[in-house]
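Per chain, numbering begins at 1; letters A, B, ... match sequence-line order.
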Amino acid sequence: MNTEIPLPTNAESSEPRLSRILEDLLKRPNALFAAWQEGKSQGSIILLVVLGFLGLAAYGLIVGSFSGGVQWAAAPVKIAVGTLLSAVICFPSLYIFVCLSGGNAKLALVWGALAAMLCTTALLLVGFLPVAWIFSQSTTSLGFMGFLHFVIWIISLLIGFRILNYLGAALAIPSKGKLYAWAFIFLLVTLQMSTALRPILGESDKVLTHEKKFFLVHWSDVLAAPVKVK
Amino acid sequence: MKLCNTKLSKRESDGMPFRRWMKKALQGDAEVLANGVRELTWYSILRLLIVIVIGSALYGATVGMWRSPLQGVYSAIKIPLLLLLTCAGNGLLNALFASVLGANLTFRQTLAAIGISFSIAAVILASLSPLSLFLMLNVPPIADGNAVVSHSVVLLFHVGVIAFAGILANVRLQVLLQQFCPDRRTGLRVLLAWLAGNLLLGSQLAWVLRPFIGSPRLRVEFLRPDAFHGSFFEEIFKALMHVFHQH
């Protein structure tokens, strides 16, 4: 027995499509899920990916403004592309984990949920832009700015993860443990990606480094190093 | 709001496309899993074999890649070989366990049940192979001064992932066994007997077929020259004696 999910009729006609999708994303993700599960509204997935990319790039611009120079261009590209790459790396396991949790989701729904999660995270990062900017222009401490961006990233991603909660509820998944495990894996991948694509925050004459390090090792090296200021 | 999430009846699950069948198997649909065993054909066996080979080969490639690309190729060959040899080698033993302990399974159905659980594990491993590849690209290489530490990190990661895939696959196997056993306790006994037998054979086959990751201190080769010398459990015993002797 399939349950028909009625799409909200009051939002269908008058509002522009973009604002309707954003409103659904933030207030009624289930409306988007229902459409994707039925194979409809696939264009909205692409729209969410594009919005997410732009939001991440905008935040990257503020990150790069701390050091300036080549980071004006490098930081937005690295943050946007790195996050999307992390999503691509983790997508197969998300689909399988949803299946293992008992959820009967189509591929389009899982893609859409991932895009929705990234877009939500990007929107939060855009919301934090003024905060990040003011500190970038005020402080000269690399360690402090790194910590601040880390905290902002964690908060934004945790709020983005609520999409997984909605997905689990929509699919009547009895236990969301595997989804939470996936969320933790995704978080780790994004943190490692930031280390793989360094330097993002500090000054450097190279766009990328070839030295391979785990992110915890990199952070402990940075913390143990003499205090660096701009 | 609930999206479609219903289990299928036997009639609905007959003739299901394999991809959909695999998805239902991952979800733990007991009827679908049981039909995979009851309605066994050579074509369905071939499809399971293909899933096991491709899924575990994808993951195997990432296992050996840290040591060298050639080790990646070797491991992509050896991990499917390990799974298939374990399944085939213990086929008779597992069928005997099933009969003796009270499961209503023939020899072919026992092989099918274990093949299904291995295919589920292979799909899980394949889904985690991009993650594994990403990690291998980020682990400090052999030439780095901390190669031994990196090797340990790589080893722990792969042990964890393979254990995770194995546990989930066996949870699905238990769901399947409940369909062929008179009660839950019988199903659990059969599962534990199969696990013990597969662990015994599988661990020694893994020892013979080593290396999979590749020690930084040894050269890259398909099999070690002393592949058939010693055993997995003897090495564990020696390591334990070494630890306790030190103390």
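Taking every heavy atom of both residues into account, Lys178(A) and Leu168(B) meet most closely at CE-CD2, 3.5 Å. Between Pro92(A) and Pro130(B) the shortest heavy-atom distance is CG-CG, 3.9 Å. Shown here for Leu107(A) and Arg19(B), the closest heavy-atom pair between the two residues is CD2-NH2, 4.1 Å.
With a 4.5 angstrom heavy-atom cutoff, Phe215(A) does not touch chain B via any of its atoms. If you measure heavy-atom distances from Tyr95(A) to chain B, the contacts under 4.5 Å come from the side chain alone. When heavy atoms are compared at a cutoff of 4.5 Å, Val153(B) approaches chain A solely by way of its side chain, counted from C-beta outward. Leu94(A) does not touch chain B: none of its heavy atoms, backbone or side chain, sits under 4.5 Å away. Both the backbone and the side chain of Leu131(B) come within contact range of chain A, with heavy atoms under 4.5 Å apart. With a 4.5 angstrom heavy-atom cutoff, Leu135(B) touches chain A only via side-chain atoms. With a 4.5 angstrom heavy-atom cutoff, Ile96(A) touches chain B only via side-chain atoms.
Counting non-hydrogen atoms of neighbouring residues, nucleotides and ligands closer than 6.0 angstrom, the CG atom of Leu195(B) exceeds 12 such neighbours. Around CZ of Arg185(B), the count of heavy atoms belonging to other residues, nucleotides or ligands within 6.0 Å does not exceed 12.
Rounding to the nearest 0.5 Å places NZ of Lys23(B) at 4.5 Å from CG of Asn104(A). The NE2 atom of His218(A) sits 12.0 Å away from atom CG of Asn138(B), with the distance rounded to the nearest 0.5 Å. Atom CZ of Phe134(B) sits about 5.5 Å away from atom OG of Ser86(A), to the nearest 0.5 Å.
Not a single donor-acceptor pair under 3.5 Å links the side chain of Gln27(B) to the backbone N or O of Cys99(A).
Proximity of Leu100(A) to Arg172(B): side-chain heavy atoms (C-beta onward) are separated by under 4.5 Å at one or more points.
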